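Just so it is clear, the model here is predicted, and its values are computed rather than measured.
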Amino acid sequence: MSDIKIGKPNLEVFAETLLLEAKKNSSITVVTSDSRGSGKLVPFGKELPKQIVEVGIAEQNLVGISAGLAASRKKVFAVSPASFLTARSLEQIKADIAYSNHPVCLVGISAGISYGQLGSTHHSIHDFAVLRCINNLSIVAPSDNFETTEAIKQAVDYQNPLYIRFGKKPMMDIHSHNASFKIGKAIIAKKGEDVLLIATGETVQRAYLAAQILEQNEIHATVISMHTIKPFDEETFLNEARKAKVIVSVEEHSIYGGLGEQCASLLAQNKINTCFKILGIPDEYMINGSQSDVLDHYNMSPEKISKTVSDLLINK
């Protein structure tokens, strides 16, 4: 169906890019919570042992230590599984990082449902919701290797607290390397005049493939990669929303408090009366399975996304 190439997992690209940046900048310091292996940081530790700190399975300490290092003019990347980083240490993120205005980059690895069969305790489908509520904290979920590389490069010089989440699966190269990336500015990955698909993180490739299926049925979709959940690019979203007959959001997150609810709020506040559907994880005990199994079950396979769009167009 698609001639788009499959790249590396975003997590690997994150680690490779960070190592390159850290070789040029000795202030870059990684703090991990027993995550050197799962965060693909073993090469970083071997090449730059003085720029990595291992705190063990102690996420609250991880965030507190990161804040202290940032106060000492280190550029800190705090790396830990997203499910634990944004739950166990939420108070430290709020008080020590965001409210204290330390420009730490919090890196949530194995985000969403990347841990697959390990089940709900290890899934991170709450992180957008809880972190959106905290003042002075930006939230980024790159969709492919290009967005990942650019996000890490920009994170080095980012002057505010930042949370970036990564999954484990190899990603399609959705964007050309001539594309423009800026934290806080969405990317239009595909243009179409009929419907709008807006997604974030790893679900962007599913939306993109759904748009290709729709194209075969003469339905032309715009696909937005909303890589930055906060600050949200309202201008790009509203401009495209006003032109669409149907809008569908897709996210590897609860249907509560994430991308979809942000879109719904903006549509309502701007009086855009367009048919809109949120695709995400519903409020229920989740099924167990691989990341793909779970996303497919909750109607986020490319085929089910395209069917959702087609049904909405028929019934609108």
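Judged purely by distance below 3.5 Å, without hydrogens or angles, the side chains of Asp127 and Ser124 pair a donor atom with an acceptor atom. Remark: the Lys169 side chain and the Ser292 side chain contain an N/O donor-acceptor pair separated by less than 3.5 Å. In this structure, a donor-acceptor pair under 3.5 Å is present between the side chains of Lys185 and Thr236. For the residue pair Glu147 / Ser225, a side-chain donor-acceptor distance below 3.5 Å is found, with atom types taken as modelled.
In the hydrophobic cluster analysis, where Ile, Leu, Val, Met, Phe, Trp and Tyr join through side-chain heavy atoms closer than 4.5 angstrom, Val55 is grouped together with Ile93. No single ILVMFWY cluster, assembled from side-chain heavy atoms under 4.5 Å apart, contains both Ile198 and Val309. No path of Ile, Leu, Val, Met, Phe, Trp and Tyr side chains, each step under 4.5 Å between heavy atoms, connects Ile152 with Leu20, placing them in separate hydrophobic clusters. The same ILVMFWY cluster, assembled from side-chain heavy atoms under 4.5 Å apart, contains both Leu18 and Leu11. In the hydrophobic clustering of ILVMFWY residues, with side-chain heavy atoms under 4.5 Å counting as a link, Val156 and Val140 come out together.
With hydrogens and angles ignored, the 3.5 Å screen pairs no side-chain donor or acceptor of Ser100 with any backbone N or O of Ile97. Judged by distance alone, the side chain of Gln205 and the main-chain N or O of Met172 form a donor-acceptor pair under 3.5 Å. Without hydrogens or angle criteria, Glu21 side chain to Glu16 main chain gives no donor-acceptor distance under 3.5 Å. With hydrogens and angles ignored, the 3.5 Å screen pairs no side-chain donor or acceptor of Ser143 with any backbone N or O of Val204. With hydrogens and angles ignored, the 3.5 Å screen pairs a side-chain donor or acceptor of Lys75 with a backbone N or O of Pro103. Of the possible donor and acceptor atoms, none in the side chain of Gln262 sits under 3.5 Å from a partner among the backbone N and O of Phe232. A side-chain donor-acceptor contact under 3.5 Å links Thr203 to the backbone of Val250. Although no hydrogens or angles enter the test, the distance criterion places no donor-acceptor pair under 3.5 Å between the side chain of Ser35 and the main chain of Thr32. Under a 3.5 Å cut-off, the side chain of Thr228 and the backbone N or O of Ile183 do not form any donor-acceptor pair. Between the Gln159 side chain and the Asp157 main chain, a donor and an acceptor come within less than 3.5 Å of each other.
Contact of the Met300 side chain with the Ile281 side chain is registered, since non-hydrogen atoms from C-beta on lie closer than 4.5 Å. Contact check for Val31 versus Val79: no side-chain heavy atoms found under the 4.5 Å cut-off. Taking the side chain as every heavy atom from C-beta outward, Glu235 and Asp233 approach each other to under 4.5 Å. When side chains are defined from C-beta on, Leu259 does not count as touching Ile278, because their heavy atoms never get closer than 4.5 Å. Counting heavy atoms from C-beta on, the side chains of Asp34 and Glu54 come closer than 4.5 Å. Under the 4.5 Å side-chain criterion, counting only non-hydrogen atoms from C-beta, Ser27 is not in contact with Arg73. Considering only heavy atoms from C-beta on, Ser301 comes within 4.5 Å of Arg206 through its side chain. The shortest side-chain heavy-atom distance between Val30 and Gln51 does not fall under the 4.5 Å cut-off.
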Fill in: CA sep, side-chain torsions, deciding dist, call: Glu215, Lys190, salt bridge (charged side-chain N to carboxylate O under 4.0 Å, His left out)
CA-CA 11 Å; Glu215 200 83 28; Lys190 188 178 183 304; 2.7 Å; yes
Discussion item. Ile305 vs Leu279, test: side-chain contact (heavy atoms from CB on, under 4.5 Å). Steps then yes/no.
Written reply: CA-CA 8 Å; Ile305 295 170; Leu279 293 180; 3.9 Å; yes
Item to complete: Report the C-alpha distance between Phe181 and His227 in whole Å, list the side-chain angles of each, state the deciding distance to 0.1 Å, and finish with yes or no for ring-ring contact (aromatic ring centres under 6.0 Å, His included).
Response: CA-CA 9 Å; Phe181 178 94; His227 52 70; 4.2 Å; yes
Item to complete: Quick one: do Ile224 and Leu196 satisfy side-chain contact (heavy atoms from CB on, under 4.5 Å)? Show the steps, please.
Response: CA-CA 8 Å; Ile224 293 179; Leu196 172 60; 3.7 Å; yes
Worksheet item: Would His220 and Leu214 satisfy side-chain contact (heavy atoms from CB on, under 4.5 Å), going step by step from the backbone distance to the final call?
Response: CA-CA 7 Å; His220 308 289; Leu214 291 167; over 6 Å; no
Discussion item. For a side-chain contact (heavy atoms from CB on, under 4.5 Å) check, start with the C-alpha distance between Val248 and Val195, then their side-chain angles and the critical distance, and finish with the verdict.
Written reply: CA-CA 8 Å; Val248 175; Val195 301; over 6 Å; no
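In this structure, OG on Ser120 lies 10.0 Å from CD1 on Ile287, to the nearest 0.5 angstrom. Summarising the geometry, atom OG belonging to Ser83 is positioned 10.5 Å from atom CZ belonging to Arg165; distances are rounded to the nearest 0.5 Å. A distance of 11.0 Å separates NZ of Lys24 from CG of Leu19, quoted to the nearest 0.5 Å. A distance of 8.0 Å separates NZ of Lys230 from CG of Asn136, quoted to the nearest 0.5 Å. Here the straight-line distance linking atom CD1 of Ile109 with atom CG of Leu41 works out to 7.5 Å at 0.5 Å rounding. Within the model, atoms CD1 of Ile57 and OG of Ser33 stand 7.5 Å from one another, a figure rounded to the nearest 0.5 Å.
Taking the side chain to side chain donor-acceptor pair (under 3.5 Å) definition, one finds that Glu284 meets it with Tyr298, sequence neighbours left out. A search for side chain to side chain donor-acceptor pair (under 3.5 Å) contacts involving Asp144 returns nothing, not counting sequence neighbours.
Screening Leu106, Leu69, Val53 for a side-chain contact (heavy atoms from CB on, under 4.5 Å) involving Val76 leaves a single residue, Leu69. Across Asn315, Ile219, Val246, a single residue satisfies side-chain contact (heavy atoms from CB on, under 4.5 Å) together with Ser310, and that is Ile219.
The nearest pair of heavy atoms linking Ile164 to Ala155 is CD1-CB, 4.3 Å. The shortest non-hydrogen separation linking Ser80 to Glu59 is OG-CG, 3.5 Å. Looking at every heavy atom in both residues, Asn10 comes nearest to Pro142 through ND2-O, 3.4 Å. Among all heavy-atom pairs drawn from Thr200 and Ala141, the shortest one is OG1-CB, 3.6 Å. Nearest heavy-atom pair across Val107 and Leu85 is O-CD2, 3.7 Å. Between Pro161 and Asn101, the shortest heavy-atom distance links the atoms CD-OD1, 3.7 Å.
Annotation: cation-pi pair Arg242/Phe237 absent, no NZ/CZ under 6.0 Å from the ring centroid and within 45° of its normal.
The side-chain hydrogen bond (donor to acceptor under 3.5 Å, both in side chains) pairs that include a residue from residues 243-255 are Asp194-Lys245, Glu240-Lys243, Glu252-Gln291, where partners are two or more places apart or lie in different chains.
Glu261 and Arg132 are not joined by a salt bridge, as no carboxylate oxygen comes within less than 4.0 angstrom of a charged side-chain nitrogen. In summary, Asp296 and Lys304 do not engage in a salt bridge, as defined by a charged side-chain N under 4.0 Å from a carboxylate O.
Between His126 and Tyr256, the distance from one ring center to the other does not fall under 6.0 angstrom.
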